[in-house]
Amino acid sequence: MPNVRSLALTALVLALAAPTPGLEAQVRLMAGAGLSTPLGDFADAAEVGWHGAAGLHLGFPNLPVGIRGDGGYHSFGEASPTPKTNMLNGALSLVVELPGVGLVPYLLGGVGAYRTSVDGFEAISDSGIHAAFGVNIGGTLGFGGFGEVRFVNVNADGGDARFVTATVGFRL
């Protein structure tokens with residue numbers, strides 16, 4: 001069975017190579033930060049922490065669908081007696097924009113690769129999935145903002161790590 005990275009790379013290449021007559025792709029840089037909140041069993045091993053993220057969004061005029069590639073760093077608080085947990089991730093997502101004026105809501109879903117490290121232990125790499133609801137604000141002059149709430153499920157051998165992120169940031 002192919003791994004998540006191979007599937008994500010194949011999907012990106014196919015999407016970028018697909019013919020789009022009369023449409024010019026719009027690439028936007030996105031950067032943001034916010035809170036990362038562990039859920040379920042993961043909440044027993046980690047406390048609420050913070051994250052920073054950056055990515056590129058590839059959108060097409062007159063089409064409500066785009067592709068986003070992003071990466072992030074999460075630093076979860078220590079839950080005694082478990083040491084501090086950090087996570088580095090890269091994700092590929094499909095973005096569907098909903099109708100809106102000024103505020104443009106969107107849905108996002110995709111796959112990612114996650115590297116988790118706990119102080120004093122070897123880092124572990126896993127795959128995962130995510131889904132989000134967000135709102136783009138402004139952007140008519142090339143600059144805007146966004147707010148997003150994302151649910152993440154990392155498939156780990158010892159049990160899935162689930163968490164929710166709340167992010168605010170800017171788009172260029």
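Only a predicted model underlies this, so the values are computations on that prediction, with no experimental measurement involved.
- Ring pair Trp50/Tyr73 is tilted by interplanar angle, where 30° to 60° counts as tilted.
- For the pair Arg150 (side chain) and Gly134 (backbone), a donor-acceptor distance under 3.5 Å is absent.
- The two residues Pro38 and Ala46 come nearest to each other via the heavy atoms CG-O, 3.4 Å.
- Within the model, atoms CD of Glu97 and CG of Asn136 stand 5.5 Å from one another, a figure rounded to the nearest 0.5 Å.
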Evaluation steps, side chain to side chain donor-acceptor pair (under 3.5 Å), between Thr165 and His51: CA-CA 8 Å; Thr165 64; His51 69 273; 4.6 Å; no
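- We find the CZ-CZ distance between Phe170 and Arg28 to be 11.5 Å, quoted to the nearest 0.5 Å.
- Looking at every heavy atom in both residues, Val95 comes nearest to Arg68 through CG2-CB, 4.0 Å.
- Leu29 contributes atom CG, which lies 6.0 Å from atom CG of Leu56 (distance to the nearest 0.5 angstrom).
- Leu107 places a side-chain heavy atom less than 4.5 Å from the side chain of Phe133.
- In this structure, the side chains of Asn155 and Tyr114 stay at 4.5 Å or more apart for every pair of heavy atoms.
- Annotation for Lys84 and Phe76: closest pair CG-O, 3.5 Å, computed over non-hydrogen atoms.
- There is no path of hydrophobic side-chain contacts, each under 4.5 Å, that joins Val65 to Val27.
- Rounding to the nearest 0.5 angstrom, the gap separating the CG atom in Leu88 from the OG atom in Ser75 is 12.0 Å.
- Rounded to the nearest 0.5 Å, atoms OH (Tyr106) and CG (Leu94) are 13.0 Å apart.
- At least one side-chain heavy atom of Glu148 sits under 4.5 Å from a side-chain heavy atom of Leu108.
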Trace of the side-chain contact (heavy atoms from CB on, under 4.5 Å) decision for Val164 with Phe151: CA-CA 5 Å; Val164 172; Phe151 171 79; 4.2 Å; yes
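- For Ala161, the side chain to side chain contact (heavy atoms under 4.5 Å, CB included) partners are Phe42, Val154, not counting sequence neighbours.
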Verdict with reasoning, Arg171 to His57, per side-chain contact (heavy atoms from CB on, under 4.5 Å): CA-CA 9 Å; Arg171 305 176 304 132; His57 177 94; over 6 Å; no
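- Residues Val135 and Leu98 are members of one and the same hydrophobic cluster, defined by side-chain heavy-atom contacts under 4.5 angstrom among Ile, Leu, Val, Met, Phe, Trp and Tyr.
- Side-chain contact between Thr85 and His74: absent, with no pair of heavy atoms (C-beta onward) separated by less than 4.5 Å.
- For the atom pair Asp126 CG and Asn89 CG, the distance stands at 12.0 Å (nearest 0.5 Å).
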